[in-house]
Amino acid sequence: MKNILSEQEIQQLRAETRGTAKTIHFNNAGSSLPPDVVVDTVIDYLYEEAQSGGYETEYTYREELENTYSLIARLINARKDEIAVLENASIGWWLAFNGIDFKPGDEIITCEMEYVTNLIGLLHAKKTYGIEFKVIPNDEQGNFQLEAFEEAIGPKTKLIAVTHIPSTAGGMIPVVEIGQIARKHNILYLLDACQSAGHVPLDVQEIGCDMLAVTGRKYLRAPRGTGFLYVRKEIQDKLKLFFMDGFTTQWVTETDFKPRDDARRFEVYEKSRALTLGLGKAVEYALNIGVDRTWQRIQYLAGLLRGKLKDVKGITAHDFGNELCGIVTFSVDGIDAATVKNKLAEKSINVSVGKAVSTLIYMNKNQLSNIVRASVHYYNTEEEVEILCGVLEEMV
Ligand SMILES: *Cc1c(COP(=O)(O)O)cnc(C)c1O
């Protein structure tokens with residue numbers, strides 16, 4: 001993969017992110033360094049609320065706030081009325097998932113990389129609704145098995161719920177092909193795109209998913225405490241609602257009510273307007289550079305890192321599959337992941353520890369407990385990759 005962003009552009013982008021001057025940040029799968037404009041937007045908005053009043057400030061910024069929905073819609077090629085802005089992805093996933101009218105015996109198909117929140121959701125649904133779920137294991141090369149997936153579909157299959165990019169490995173699953181099969185069999189499709197939003201280009205029309213949950217703080221570079229849920233217009237009425245208030249309903253009389261006619265029925269009225277604006281800014285920032293362009297650079301940098309790690313004796317890489325992303329996972333012989341992380345932190349290098357619980361099925365299958373996760377973003381540099389590898393080399 002080519003490095004498509006010029007040196008000058010990278011320097012400009014780094015100059016727009018305060019954190020890059022201080023920290024070598026390879027924890028973008030945990031939480032990216034946000035662009036300055038995102039941070040300033042949030043802080044300025046809070047100051048304005050303090051000076052002018054919360055409702056008054058909201059009125060002043062009503063168009064910008066509204067624009068957050070349009071920007072998110074553009075990012076994933078959806079419609080504005082298919083987006084709910086939420087505090088995180090877990091809530092979004094949980095609302096979508098538990099909104100489905102499960103009956104005892106219904107079947108769900110998932111992948112071995114499914115995220116912990118979602119796995120708990122599946123187990124909970126098994127206990128409470130009496131559903132069953134099947135896990136499609138990756139093949140020996142670490143690729144999702146499309147044929148096994150299609151074979152697993154039966155008359156009782158109600159949902160396919162999968163994670164696009166896992167939180168503790170660099171592989172990806174073929175979400176478009178999965179969508180084609182889901183549509184062919186007319187099965188609901190819920191996609192966890194937490195690690196992919198802002199990382200790889202996402203197009204819900206092409207993917208064909210019915211629901212998609214995203215967090216803001218990871219590759220999207222939005223503030224913590226932000227996320228969104230996409231729900232295809234046609235299925236909004238099919239999902240049960242858990243919270244309702246005067247905002248999420250279209251009208252209320254003393255004897256009846258009707259939910260809003262858009263995905264904001266999945267929100268509640270009270271939330272941080274400052275963070276909603278910050279999320280919008282982060283999405284705008286990503287759109288301005290172009291996720292298709294930054295994705296190429298991420299692949300280039302991750303490839304560089306993987307290549308260099310291969311040359312370091314005592315390091316074992318754990319990323320499998322034909323399609324790899326910016327998440328690079330590995331172990332260092334004789335040093336546990338937490339110690340590696342702490343030693344790197346002493347040099348202002350941030351990586352994180354991928355815990356077994358995050359992707360339990362995959363980690364158990366591969367007998368992994370804790371691994372080191374270095375997740376690169378487009379604003380990282382070749383030099384930073386060199387420094388990381390240099391420090392690791394000294395360590396082993
Ligand atoms: C981080 C993550 C989540 C959860 O996102 P929150 O915003 O923390 O709820 C879900 N799925 C995957 C794959 C993740 O990496």
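In listed order, ligands and their atoms are each counted from 1.
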Fill in the blank from the handout: All heavy atoms of Tyr69 vs all of Arg264, minimum pair found to be CE2-NE, 3.5 Å
Problem - side chain to side chain donor-acceptor pair (under 3.5 Å) partners of Thr215, counting only residues at least two apart - result: Arg217
Handout entry: Near ligand 1, at a heavy-atom separation below 4.0 Å: residues by chain and residue number
Key = Asn88, Ala89, Ser90, Tyr115, Thr163, Ile165, Ser167, Asp192, Cys194, Gln195, Thr215, Arg217, Lys218
Problem - Heavy-atom pair of closest approach, residues Pro35 and Arg221 - result: CD-O, 3.5 Å
Problem - Check: Ser32/His25 side-chain N/O donor and acceptor closer than 3.5 Å - result: no
Practice task
Return each pair, listed once, that meets salt bridge (charged side-chain N to carboxylate O under 4.0 Å, His left out) where at least one residue sits in residues 359-379; pairs must be two or more places apart or across chains.
Solution key: Glu112-Lys365
Handout entry: Where at least one partner belongs to residues 28-55, residue pairs that pass ring-ring contact (aromatic ring centres under 6.0 Å, His included), sequence neighbours excluded
Key = Tyr45-Tyr61
